[in-house]
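This report refers to the structure that appears directly beneath it.
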Amino acid sequence: MAISITITDETNTVTLSATDGYNEDYQPAAPDAGASEVVETLEVTFIGGNSTVAANMTELEQLFDYAREAQNGMMLRQVWFKVTLDSEVWRSELYDGKIISSGGWIKGERALGIRKVQIVIRRAPWFEANTEIGAPISNAHGSSSDLLTGVPIYNHDDGGHDNYLDIGTITGNLPAPAVFSLMLFSQSNVEIFTGIASYCNRANLVQVLEGGAGTAGTGVTPSINADASDSNNSYVGLAWSGSAEVNLQYWALTSAQATAFAGRVFRPLIRLHSAMGGSTRFWLSIAAHYNSGGTLEKIWQSEETLMALTDKAQMLPPVQLPPWPVGFFSSQAFTFSLMCRCEAAGAHTVNLDCLMLLPCDSYLRLIPTITTYPDTAVRFDSQIRGFSNNSYAIETHTAEGPGLWLVPGQTQRLCVVMRQGTGWDITRNPTLYLSYRPRKRTI
Amino acid sequence: MERLFIRFDQRDFSKPLPAPRLRYEVETMTWSANGGPEEAEITALGNIAALNILPQLLRAPVTVTDRYGGAMWWGFVNAVEIHLGGLVYTASLEGMANRVAMRWRAEDPTGGAGNWEAQTAWADDLDSQSLYGIKSAVFDLGEGRQADAEAARATYLARLKVPQTKSVPGEGLERPYGVLRLRGWFSSLDWRLYSQDRGYTGNLERTNGGVDFKFGNTTGVQNPICRFVATGTSVWKARYIWLKIYRIGSPSDNLNCGISDYPYTTILANQTIAGSLLSRDINEWFVFDMGSGCDLTPGTTYQIVISRSGSVDASNSYGLSIEEDVLLLPMIYYNGSTWPTRSPQASFLTAIYGEEETTTQMQNLVTAAGQFLAGCVIRDASGVYTRMYRAGKLDALEEMVGLLAVGDSAGNKMDAWVSADRWLVVRKRPVATDPTLMVTPSGEVKYRNGRALIGSDLPVGRWARVESLVQMGGDYGAKSVVFLSRAEWRDGKVKVWWE
């Protein structure tokens, strides 16, 4: 089996298996699960005469220094340990390394113009393909499986609009960091919430609960209003009185839908038709009820969150759904409730458009740091957490969360929600690109 | 171990702050049911040049999130350590003060300690305050003069207006690293001394002890009245009048003390007591409780009016201490036909105090001294009323903790929690109904259905059942349902403490 080995930062390259030196017998290590690094020792003979040997060893030491700098966070340019196997190039990020010469090299080896050394490297506990490829993505608005073709999404999910991408088969045997690009030109101050459902049953996954499709709780009077600026062209006004907690709206989830959540984590994002305004404080929470012939019995309730009175978007803390373990059995059907409490007496109204459940098997939130930058043409590399806008490295956004990771062997879905300042315009229509490098524990 | 994420924000909370490109690792975080996030420690690894930027993060808001974006811990950078090979450089907000005052005692030739203590006006460094917020401190000069105190104040301010730095010998290190020491927002209440000028009008603070004034013993001296101007910045409710008032002999009638408007049209609030209740000791204080009290508008003149219900009696009458040096407004009395001003001019030696519900006081405290908090939300009013006047001797954190310790009128504890969006939420401690959480024998906190808590699902401030613990049972037995009052995260594991 012919392999070739190089260490490179894509500008400077030292080859350890042909022109610069011969590797005697490299055996890729198999890291333990959860290992943060792999340490390997390569037996290498540098060739080409003493000056060439010295030059290559110098270059290699420089690359080790660059690798350390990259680990210190000062350089985004990483150094790679690359192995070519059966014409496929795999790479592993190099963290550090050193060269140990053999004893007696001055007497014996210099006369031959060679140097036998041990190269000890610390590298990432994985290999990934050297070539970035497009992830297979599709929704109602298009499909792609290459780097250059994007797929449009909308900022809501209803009959004619998808705010998600279904992701096809991912190769490799380890989760791979995705490169996520969202092209929305002439729009500034866009905050982006993205998440992937990697372990849910995509076919039955509920990711949006329309306001008009639920049932108002006791004491709450609903009124459905048509409005093209809302998801599904309508919102529901939910009116009640008093300071006691009410079940604003609840939705019956079938056993298949409850099971599809698979006990994973979701972030509830609520879209209001109009911000609450005023100064009266409201508190929101999520609850799970068992519906016994129309009588709701509470099983679980999340902590309460203070509503942002000026915002159309209300972000609730992450929740596990269903709030009990699933696996051996299908989940019991349950009622998903949006609870609300106002601190003041009197009449209140919440104009609810929809409640979205952003999957968080992997999660990325891009928060604007420059609110006036004219475009949102962002690219985020989940491996290096590198970010660009309009193809320039500029920190128009800061990233929260681990980034987006694609899991081989799973049917996955990527969901996206955008808000701008206090608004949430459902007509925003960016194009998404998703790429990755298949990743393996070892080759 | 679950990977955590750290976000720094601009000091004015407007948007995220691009932090030095370093590898940040959370070492530890703590939470308390009294205040929420308490302390945290973050290690920063990387290039020495980037580490040197860390002190610029002082007072920057920090949020630690879990992998789902849920907020786990929030607060601010209170100190930065940079560990180099041979030394540890520290820059800290601890000990910094950009608003300074000095207290001093007037010089006393006898060396006695009974002379008055005074305080200078505040001296501010506005540049430092605009960067970090207001951090106040009062120092004590001891015996001296005002000019000395003001000079010392300037010296203190010049030295303390910037983050306090020090370096100590370090241990030999393979690689330099930084440590960010964080504090929760609740603790930032100790940055301000809290004064509340509502709720007190009087002349106690500078009195020399008063002189005796008898009344009701002769037709020529009856019904003393002392006018005063209400102090404070907004309307407050007066309830208590303190007087050094005593009885002479054994009066069998009643004594009435209250507050009227001025010029007199009506009694706004009062209390009538049996004269026999008073002590015969001229130096003993007595407090009149006017029940629901009356509203006093700052800047408006009112009167304390005292009268006996019975006739003049030379043997059985009353007296009170009055103050000739420190006047409210000159007192008058009825001489049988007119209302002369007492000569020499004097005022009652008195204090009028108001009360306010403790939870309202907490809101006022946060408005006045919670410079980094978005506000205070009272979820459950305490129903307990206490004096609201504060002379500015204690910091706002001490005052807040004291108010919380009072609890509510039903005997429940009150807890305060600073939310991730920096609202101080005050509520009575929830009832220990069947809890959804459990503490396993290994110390792990889980839902009782076996589900693990995700990072932002914090256990503090909730009830949990301690599994495998024998419950004594009964109303007074040791409980296996416990209130989780404190938690610590370290190396991916959460330890809890309970009450």
Side-chain angles (χ1 to χ4, degrees), chain A residues 34 36 68-69 71-76 189 191 193 195 263-267 279 281 283 299-306 308 315-320 322-326 341 343 358-371 385 394-403 405, chain B residues 1-10 14-24 44-51 63 65-72 175-177 374-375 377-379 417 419-423 425 427 436 446-458 461-462:
Chain A
S36 59
R68 285 188 288 271
E69 279 295 284
Q71 295 312 300
N72 279 343
M74 294 302 286
M75 291 168 65
L76 280 180
N189 197 25
E191 184 173 3
F193 298 86
R264 309 301 295 184
V265 175
F266 295 81
R267 182 127 207 198
S279 58
R281 285 183 284 260
W283 302 79
I299 309 169
W300 165 86
Q301 185 169 3
S302 71
E303 289 293 301
E304 293 180 318
T305 300
L306 192 63
M315 291 169 51
L316 270 57
V319 294
Q320 282 177 283
W324 48 80
V326 290
R341 183 207 304 263
E343 68 178 10
L358 187 75
C360 291
D361 284 331
S362 60
Y363 169 81
L364 171 66
R365 176 184 177 192
L366 295 172
I367 310 166
T369 51
I370 302 175
T371 56
R385 303 183 70 76
I394 179 170
E395 200 151 334
T396 58
H397 293 68
T398 192
E400 178 183 279
W405 291 70
Chain B
M1 190 172 80
E2 181 183 356
R3 188 173 169 200
L4 305 180
F5 299 87
I6 296 156
R7 191 183 84 214
F8 298 95
D9 284 316
Q10 305 278 353
S14 59
K15 56 185 180 182
L17 173 72
R21 200 167 174 88
L22 295 162
R23 192 146 52 87
Y24 298 97
L45 298 168
N47 183 285
I48 184 65
L51 290 173
T63 305
T65 58
D66 62 16
R67 55 184 290 214
Y68 312 113
M72 291 180 72
R175 297 171 61 189
Y177 66 96
V377 179
I378 304 300
R379 291 294 304 274
W417 183 269
S419 67
D421 40 11
R422 293 177 291 107
W423 284 88
V425 182
R427 69 174 76 190
T436 55
K446 286 180 159 184
Y447 282 97
R448 292 181 66 193
N449 63 17
R451 189 165 60 96
L453 273 70
I454 59 175
S456 60
D457 197 2
L458 299 170
R462 296 157 76 175

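In what follows, chains are A, B, ... by sequence order, proteins preceding strands, each numbered from 1.
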Heavy-atom side-chain contact between [X] and [Y] under 4.5 Å:
X: B:Asn47; Y: A:Glu69; answer: yes
X: A:Pro318; Y: B:Ile454; answer: yes
X: B:Phe5; Y: A:Arg365; answer: no

With a 4.5 angstrom heavy-atom cut-off, could you sort out which part of [X] is near chain A: side chain, backbone, both or neither?
X: B:Tyr447; value: side chain
X: B:Asn449; value: both
X: B:Arg67; value: both
X: B:Ala452; value: backbone

Side chain to side chain contact (heavy atoms under 4.5 Å, CB included) between B:Arg175 and A:Arg68, worked out: CA-CA 11 Å; B:Arg175 297 171 61 189; A:Arg68 285 188 288 271; over 6 Å; no
Checking the side chain of B:Arg3 only, and the main-chain atoms of A:Pro402 only, is there a donor and an acceptor separated by less than 3.5 Å?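 No, because the side chain of B:Arg3 does not come within donor-acceptor range (under 3.5 Å) of the backbone of A:Pro402.
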Interatomic spacing from OG1 in A:Thr369 to CD in B:Gln10 - rounded to 0.5 Å: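 Going from the OG1 atom of A:Thr369 to the CD atom of B:Gln10 covers 8.5 Å.
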Separation between CG of B:Asp457 and CD of A:Glu303, rounded to the nearest 0.5 Å: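 Going from CG on B:Asp457 over to CD on A:Glu303, the span is 7.0 Å.
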Using a cut-off of under 4.5 Å for heavy-atom pairs, which of B:Pro18, B:Ser456, B:Ser14 has the most such pairs with chain A?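 Top option by heavy-atom pairs under 4.5 Å: B:Pro18.
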Would you mind telling me which of B:Asp9, B:Thr65, B:Val377, B:Leu4 has the largest number of heavy-atom pairs within less than 4.5 Å of chain A?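 With the most close heavy-atom pairs to chain A, the winner is B:Val377.
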Given A:Glu395 and B:Arg21, is the salt bridge (charged side-chain N to carboxylate O under 4.0 Å, His left out) satisfied, shown in steps? CA-CA 12 Å; A:Glu395 200 151 334; B:Arg21 200 167 174 88; over 6 Å; no
Considering non-hydrogen atoms only, spot the tightest contact between B:Arg451 and A:Pro325 and give its length.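 Scanning both residues completely, I find the closest heavy atoms to be N-CG, 4.4 Å.
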Identify which part of A:Pro368 has an atom lying under 4.5 Å from any heavy atom of chain B, answering side chain, backbone, both or neither.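 A:Pro368 touches chain B through backbone heavy atoms alone.
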